[in-house]
Number of protein chains: 2
Amino acid sequence: MLKTVQSAFQSRISRHILLTDTERDALSRLEGQAVALGKRDHVFSDSKPNDRIAIMRSGWAVSRVRSDGNQTTISQIFMAGDIIGLSDIGLNRPPHETTMQTDGSVHLLSRKALCDFGAQHPRLFALILSLASLDATALNDRLHAITRYSAEDRLMHFLLTIKAKSEQISEHASDRFPLPLSQKEIGDALGLTDIYVNRLLRGLQKSGQLSLTRPNVKINERSVWATRLNFQDRYAALDFSWAS
Amino acid sequence: MLKTVQSAFQSRISRHILLTDTERDALSRLEGQAVALGKRDHVFSDSKPNDRIAIMRSGWAVSRVRSDGNQTTISQIFMAGDIIGLSDIGLNRPPHETTMQTDGSVHLLSRKALCDFGAQHPRLFALILSLASLDATALNDRLHAITRYSAEDRLMHFLLTIKAKSEQISEHASDRFPLPLSQKEIGDALGLTDIYVNRLLRGLQKSGQLSLTRPNVKINERSVWATRLNFQDRYAALDFSWAS
DNA sequence: CGACCCCTTGATTAGCCTCAACAACCGTGG
DNA sequence: CCACGGTTGTTGAGGCTAATCAAGGGGTCG
């Protein structure tokens, strides 16, 4: 008997609840086929109306807000198993454009299909909403860091967040992890210029706190950073007991 | 026959769909009794675990993130009809503390109760999620403004957002609206100091763009600001057609 | 009546941006 | 195979925005 390999989304969910066979089937039907996309391909454009949701199967995607000029903000970063588009389910035109940051693949589905699914599987839907809320919370934390931390602290906080998020997908033994973002893009996520990000990164490297082996990053004193910045790993703190 | 006055939440929902009597009853049961709270009272504390959701019945509430020291960020502002707590439904300890900004009242319910309700009334649940997504989008817009706009533009953007949001509750004939926030609090929402907020407000007043009659504010050239800042009224752009 | 919060204004400072120049790398096409 | 343009990373010099420091007035609550 052939057992299909489970998707990143399903394995993310399986971390928190034990799926029945029925639920597993329903999830597979919900996801449908995956679409392969290349780096820089659009997942959602901000110029076209959209009523779809995407589930990342592999790779990274990034949401950007652009105002006229070259003023760009990176509002969210998505990795395998993440849901894209839940946070703007009430708008017919996405408030940001979402593009692939690496090669990868996504499942596309309609909002309606997700909600119908939710009505059929309340327990799973509650978990999906909970998972999505973690990203919203991370956004809140980043807002706080951006408004009230120094540039260096912001950068450290950002790196800790990326590290924490990527651990949700696969545990790395070390504190080393891939960061497929240019310095300009890091700046766009933090409200800094690429030039200043460069100076900060080199400074952290010189003081031995960070090791850069593009595209990988290693945080050498993670716990020191975490206590200094009062960093909370929201992804590890998911509590789903209320729904059972 | 006595007809009960509908809550702010119900009238918000009624703007977008026509409620059946059954739905109206179900909403009333969901809300239950309202709790009266005074200015500065806690709705949710960040030090106590919480698995509840609040629905604002009247007044304003504000969510703050605090890190040690006096570094505070105001992450969200809630008005009558808003739902508090959906965006951190997956955490057992709220990432911010929520307090009343004015006297007012709230309905309190458990996450479980909301989700059970959602399973019973998928259409309403989809609308509720859509409404909540508008606040998430507004947060995104503010993040962009904070990272990429000048202090003055940030402030204008913020005022336009508050104005747009308060219009969801009640249409004001003029561009005048109440803003029960101190200058320090405005600064905490924008990543500025109270002192600089003061200078900016006085500057805008002097140039005739703003009229301040505490606690009311009047934006004198709203459309000029909106085009200059590329402001999008997310609250007016709710699209719910996909769910029907 | 004092304590505290909120607003207001001036003078000074510094953190981060801007401008500028160049090196390294990449994919592309001749 | 190399030439090439475009993107990315690196470093220096100087400037501006918004923070900090400082001081005082008005209002309110206990």
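Distance from the side chain of B/L192 is smallest to D/dA19 among C/dC17, D/dA19, D/dT11. In the set C/dA11, C/dC7, D/dA19, the nucleotide with an atom closest to the side chain of B/R199 is C/dA11. When distances run from any side-chain atom of A/S150 to the nucleotides C/dT18, C/dC16, D/dA22, the shortest one goes to C/dC16. The listed nucleotides are D/dT11, D/dG9, C/dC17; the one nearest the side chain of A/Y196 is C/dC17.
A residue-by-residue look at A/S182 and A/R148 shows that A/S182 has its nearest nucleotide of DNA chain D further toward the 5' end.
Residues A/S75 and A/V65 have side chains in contact (heavy-atom distance under 4.5 Å, counting atoms from C-beta outward).
Contact annotation: A/Q183 side-chain N/O to D/dT10 OP1/OP2 distance is under 4.0 Å. Look at A/T193 and you'll find a side-chain N or O under 4.0 angstrom from OP1 or OP2 of C/dC17. OP1 or OP2 of C/dT8 lies within a sub-4.0 Å distance of a side-chain N or O belonging to B/R214. Phosphate proximity of C/dT8 to B/R202: present, with a side-chain N or O under 4.0 Å from OP1 or OP2.
In summary, the aromatic rings of A/H157 and A/F231 are positioned with their centroids under 6.0 Å apart.
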Evaluate the ring-ring contact (aromatic ring centres under 6.0 Å, His included) criterion for residues B/F44 and B/H96: first the C-alpha distance (whole Å), next the side-chain angles of each, then the deciding distance (0.1 Å), finally the verdict.
CA-CA 8 Å; B/F44 299 127; B/H96 31 227; 9.3 Å; no

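In this structure, B/R64 does not pair ionically with B/D188, as no charged nitrogen and carboxylate oxygen lie closer than 4.0 Å.
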